[in-house]
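Below, each value reflects all heavy atoms present in this structure, side chains not excepted, and no hydrogens, waters or symmetry copies.
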Amino acid sequence: MTEKSLSRMLARYFGPKLQQQYRKAEILGLAALCFLTAGTAHASDVLRNVSFQPLPGGAVDVVLELESGTVEPKVFATSDPPRIAIDLPDTANQFETRMLSIATGAAKGLTAVEAGGRTRVVIDLFRSAPYAFRREGKTFVLSVQNGFADVVTSKAPLDPAKIVSGAAQLELTAVDFRRGKAGEGRLILAFSGDNANANLREEGGRLVLDLPNVALPDKFRRKLDVVDFATPVESIDVQPQGSGTRMSFTTSAPDYEKLAYQAGSEYVVEISPKREAPKKRAASDPPVYSGNRVTFNFQDIPVRSVLQLVADVSELNIVVADSVQGNVTLRLVNVPWDQALDIILQAKGLDKRRNGTVVWVAPTKEIAEREQALEDARIAMEDRSEVVVDYISVSYGKAEEFAKLLTTDNLVAATGGSQTQSSTSTTRGVLSPRGSVSFDVRTNTLIVTDIPDRVAKVRSLIAMLDKPVKQVLIEARIVIAQEGFRNQIGARFGVSGARQDGDGNLITVGGTLAATNQMVGVGLANRLAGRPANPLGIGSDSGAGVIAPATPGRLNFNLPVVDSGAGSFAATILGADYILDLELSALEAESRGELLSSPKVITSDQQEAVIRQGQDVGYETVEITGGVLKSVVAFKEVLLELAVTPRITADGRVFLTLKVKKDNVAGFITTPTSRIPTIDRREVQTGALVDNGQTVVLGGIYEFERNDDLTKVPVLGDIPGIGNLFRNKNRTNSKVELLIFVTPKILVDSK
């Protein structure tokens with residue numbers, strides 16, 4: 001059939017409108033063919049093939065094979081969504097596979113497209129990962145790391161960073177801040193070289209950008225006030241961090257969206273206001289119609305004719321099955337055409353399936369039978385497809401646990417290469433009925449046997465799930481602050497003496513009966529010896545010395561300060577026949593002390609960790625066994641203990657289930673057979689939701705004790721002024737405060 005005859009046939013049977021559409025499509029097709037031919041002919045290079053090579057540790061090399069390898073590619077990465085893009089200017093794409101599944105390490109898949117005389121290769125990632133790009137002759141190799149690194153010893157939690165091993169020291173050359181058209185804040189950084197390492201994350205409720213191995217000149221070391229730009233960013237604090245640079249963002253609202261991408265020697269961070277997600281329609285919600293409104297008023301019209309009218313109004317291509325027959329009477333006034341179509345289909349027991357601008361209308365039963373037939377054909381194709389065997393290495397989890405996720409009963413285990421358990425039964429998950437999973441315990445490898453499509457799904461699933469569990473550093477501080485004040489005042493006072501009146505009566509005064517007896521005895525001895533009856537002297541009136549009772553016996557009032565370190569002042573008056581003793585003592589003491597205990601422990605997410613330190617204090621007890629006393633040594637634990645189970649939430653916070661205990665030996669109780677220790681216990685059990693890096697007070701106990709003691713001689717102690725000589729005052733104030741702090745920090749791996 002010639003072109004003219006085809007055109008005449010279209011005009012005769014379908015009208016001039018379809019003829020014009022045919023001519024337009026023909027012209028567009030010829031133009032597109034010329035464009036593609038010209039693009040291929042004038043491209044300076046051609047992308048022949050793209051492949052990948054898994055490497056140890058979850059890394060992967062993406063290999064781009066070019067015809068000449070003369071172009072200069074541009075590589076840039078985005079963090080949300082995580083992707084790496086390679087632009088090949090003036091390059092045609094002859095890679096036959098449009099999408100290539102990788103499912104290894106952090107790499108998910110690869111897409112290669114050509115547009116505008118250039119080819120772009122996009123590697124989709126499961127998570128942000130460091131990468132390195134190199135040229136090997138006509139081949140370009142992009143090395144993508146696994147996105148997780150081994151935890152190294154450090155005094156502080158490691159900051160995550162996309163760091164390429166052996167990266168050269170770069171320098172920050174420019175810092176610029178601009179406002180985007182949509183009100184977003186855009187920070188543009190320039191470096192002295194390409195592929196600078198950068199990591200953007202949220203820490204302690206703030207947005208932080210770390211640039212390891214990027215030196216910070218002094219002219220950029222400042223705080224940028226950008227509040228006048230009217231963006232979510234208020235300020236940016238730029239400070240050195242070790243051998244690199246750290247930038248801390250202060251935002252005006254806690255909810256925002258962030259985007260970071262890198263191209264060559266530039267790194268751009270965009271922070272925009274949070275956009276409200278559109279409300280999702282539930283399955284039970286009524287349909288929403290948006291078509292142009294129509295009015296139909298027909299009496300007993302064929303259904304096929306009504307469908308033709310709907311096709312004219314909607315400008316859709318409607319294909320009606322031969323089994324659609326019958327008439328319909330309807331009156332619809334000013335209703336959307338798509339609603340009118342649904343009403344007609346429901347009234348006649350019909351259903352539709354749409355593919356682009358083509359709508360197929362048929363009875364509901366016929367459509368259901370066709371879809372069932374297609375599903376049966378797909379299952380039959382799977383049953384006849386070739387079964388392949390794939391080996392998937394598991395890095396962080398256990399192959400046995402992944403096998404249980406993939407199957408229910410069809411589980412085969414191998415230890416050291418030998419199978420120890422096998423069974424055939426129904427399967428579940430992503431495996432087909434013909435699929436099976438084995439695992440090798442020694443090498444921690446999954447052995448998947450299934451059709452290629454299901455094997456690719458298994459590999460993608462393992463790549464998503466096989467990642468290290470995040471770790472949390474929990475640091476607790478138990479602070480016990482003690483403060484005491486003591487004030488004591490005491491006095492000792494005594495009058496001792498003896499006197500003989502004219503009748504020979506001997507009168508003595510002393511602090512105790514023993515002291516007066518001593519003076520009476522001396523006086524009687526002097527009288528019997530013919531000496532003057534002076535009880536305070538011996539011999540003649542000139543005296544040969546002074547004889548008086550000992551100090552405790554001379555005291556009528558004895559309430560001094562007995563604690564060591566007290567100051568005192570004493571005075572004694574010795575008369576002819578009396579002695580007056582006086583001693584004043586006082587003490588004022590202050591004490592302050594703090595006890596800080598800081599246990600730290602690192603544990604995995606949702607894994608309990610316990611750290612304890614202390615001693616077992618032994619004591620002796622006695623028990624009776626068979627009527628015989630037996631000495632037994634028992635022990636009491638005196639511990640500092642931290643037991644914690646962290647759970648990292650989806651928004652980057654940590655929920656802690658905590659038990660903190662701090663015991664101390666307060667003293668001993670002495671029994672006839674042993675000394676039993678008494679323990680001061682301080683303990684808290686709680687659960688708390690804490691931001692990453694935030695320090696919170698879990699609890700505290702405050703104790704204040706005040707004692708005022710007064711000891712005095714009745715009546716005499718109440719005399720104003722002089723009464724102080726007959727009193728002992730003791731005032732004691734003590735304060736004890738217990739505070740428990742906790743700080744969780746999520747450890748992010750870094751190379």
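- The neighbour count for R370 CZ, taken as heavy atoms of other residues, nucleotides or ligands under 6.0 Å away, does not exceed 12.
- Atom CD1 of I123 and atom CD1 of I102 lie 6.5 Å apart (nearest 0.5 Å).
- Contact check on E401 versus K404 returns no salt bridge, with no Lys/Arg side-chain nitrogen under 4.0 Å from an Asp/Glu carboxylate oxygen.
- The six-membered or imidazole ring of F133 lies near that of F140, with a centre-to-centre distance under 6.0 Å.
- With salt bridges taken as basic N to acidic carboxylate O contacts below 4.0 Å, one links D87 and R120.
- When side chains are defined from C-beta on, D237 does not count as touching T250, because their heavy atoms never get closer than 4.5 Å.
- We find the CD-OG1 distance between Q606 and T645 to be 9.5 Å, quoted to the nearest 0.5 Å.
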Test side-chain hydrogen bond (donor to acceptor under 3.5 Å, both in side chains) applied to Q241 and Q239, step by step:
CA-CA 6 Å; Q241 180 76 12; Q239 295 295 333; over 6 Å; no

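- Heavy-atom minimum distance, G185 versus P232: N-CD, 4.3 Å.
- Side-chain atoms of T245 come within 3.5 Å of backbone N or O of V214 as a donor-acceptor pair.
- D45 approaches G69 most closely through the heavy-atom pair OD2-N, 2.8 Å.
- In this structure a side-chain-to-backbone donor-acceptor pair under 3.5 Å is missing from E257 to K274.
- No donor-acceptor pair under 3.5 Å is formed between the side chain of N49 and the backbone N or O of E65.
- Formation of a donor-acceptor pair under 3.5 Å by the D605 side chain with backbone atoms of V469 is not found in this model.
- Considering only heavy atoms from C-beta on, E608 stays 4.5 Å or farther from K659 through its side chain.
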Verdict with supporting geometry, V610 and E641, side-chain contact (heavy atoms from CB on, under 4.5 Å)
CA-CA 7 Å; V610 179; E641 180 180 354; 3.8 Å; yes

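- Closest approach of Y267 and A260 over heavy atoms only: OH-CB, 3.2 Å.
- The backbone N or O of V458 sits nowhere less than 3.5 Å from a side-chain atom of S460 that would complete a donor-acceptor pair.
- Atom CG of L170 sits about 8.0 Å away from atom CG of N213, to the nearest 0.5 Å.
- A donor-acceptor pair is defined here as one N or O able to donate and one able to accept, closer than 3.5 Å; such a pair exists between the side chain of T91 and the backbone of P89.
- Using a 4.5 Å heavy-atom threshold, the side chains of T657 and V644 count as separate.
- Contact detail for L47 and T119: the closest heavy-atom pair is CD2-CG2, 4.0 Å.
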When you look at I447 and V389, which way does the side-chain contact (heavy atoms from CB on, under 4.5 Å) test go after all the steps?
CA-CA 7 Å; I447 306 170; V389 180; 3.9 Å; yes

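- Under 4.0 Å is where a charged nitrogen must lie from a carboxylate oxygen, and between D390 and R459 at least one such pair does.
- Counting only heavy atoms from C-beta outward, the side chains of V690 and F655 never approach each other to under 4.5 Å.
- Using a distance-only test at 3.5 Å, with no hydrogens or angles considered, no donor-acceptor pair links the side chain of R612 to the main chain of K661.
- In this structure, CD on E475 lies 11.5 Å from CZ on F741, to the nearest 0.5 angstrom.
- Considering every non-hydrogen atom in both L446 and F402, the closest pair reads CD1-CB, 3.8 Å.
- Around atom CD of E96, no more than 12 heavy atoms belonging to other residues, nucleotides or ligands sit under 6.0 Å away.
- Judged by distance alone, the side chain of R246 and the main-chain N or O of S248 form no donor-acceptor pair under 3.5 Å.
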Give the C-alpha distance, both sets of side-chain angles, the deciding distance and a yes or no for side-chain contact (heavy atoms from CB on, under 4.5 Å) between T649 and V654.
CA-CA 6 Å; T649 62; V654 183; over 6 Å; no

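- By the 4.5 Å heavy-atom criterion applied to side chains, I84 and V75 are counted as neighbours.
- Applying side chain to side chain contact (heavy atoms under 4.5 Å, CB included) to L189 and the options L209, V268, V269 leaves one that passes, L209.
- By the 4.5 Å heavy-atom criterion applied to side chains, D124 and L110 are not counted as neighbours.
- N444 places a side-chain N or O within donor-acceptor distance of the main-chain N or O of G397, the cut-off being under 3.5 Å.
- Judged purely by atom type and a 3.5 angstrom limit, D691 has no side-chain atom pairing as donor or acceptor with the backbone of R653.
- Residues S393 and D466 approach most closely at O-OD2, 4.1 Å, considering heavy atoms.
- Contact annotation: the side chain of F95 never approaches that of L64 to less than 4.5 Å [non-hydrogen atoms, C-beta and beyond].
- In this structure the side chain of K745 reaches within 4.5 angstrom of the side chain of N692, judged on heavy atoms.
- Counting heavy-atom neighbours within 6.0 Å of D376 CG, excluding the residue itself, gives a total above 12.
- Within the model, atoms CG of L125 and CZ of R83 stand 9.5 Å from one another, a figure rounded to the nearest 0.5 Å.
- The residues R434 and D450 are annotated as not salt-bridged, no charged nitrogen and carboxylate oxygen being separated by less than 4.0 angstrom.
- Atom CD in E371 sits 8.0 Å away from atom CG in D351 (nearest 0.5 Å).
- Using a 4.0 Å cut-off between a side-chain N of Lys or Arg and a carboxylate O of Asp or Glu, R186 and E184 qualify as a salt bridge.
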Listed pairs under 3.5 Å, donor-acceptor, residues 50-62 side chains, sequence neighbours left out:
from, atom 1, to, atom 2, distance (Å)
D61, OD1, S143, OG, 2.6

What do the steps show when you test V742 against L658 for side-chain contact (heavy atoms from CB on, under 4.5 Å), and what is the final call?
CA-CA 9 Å; V742 66; L658 282 157; 4.1 Å; yes

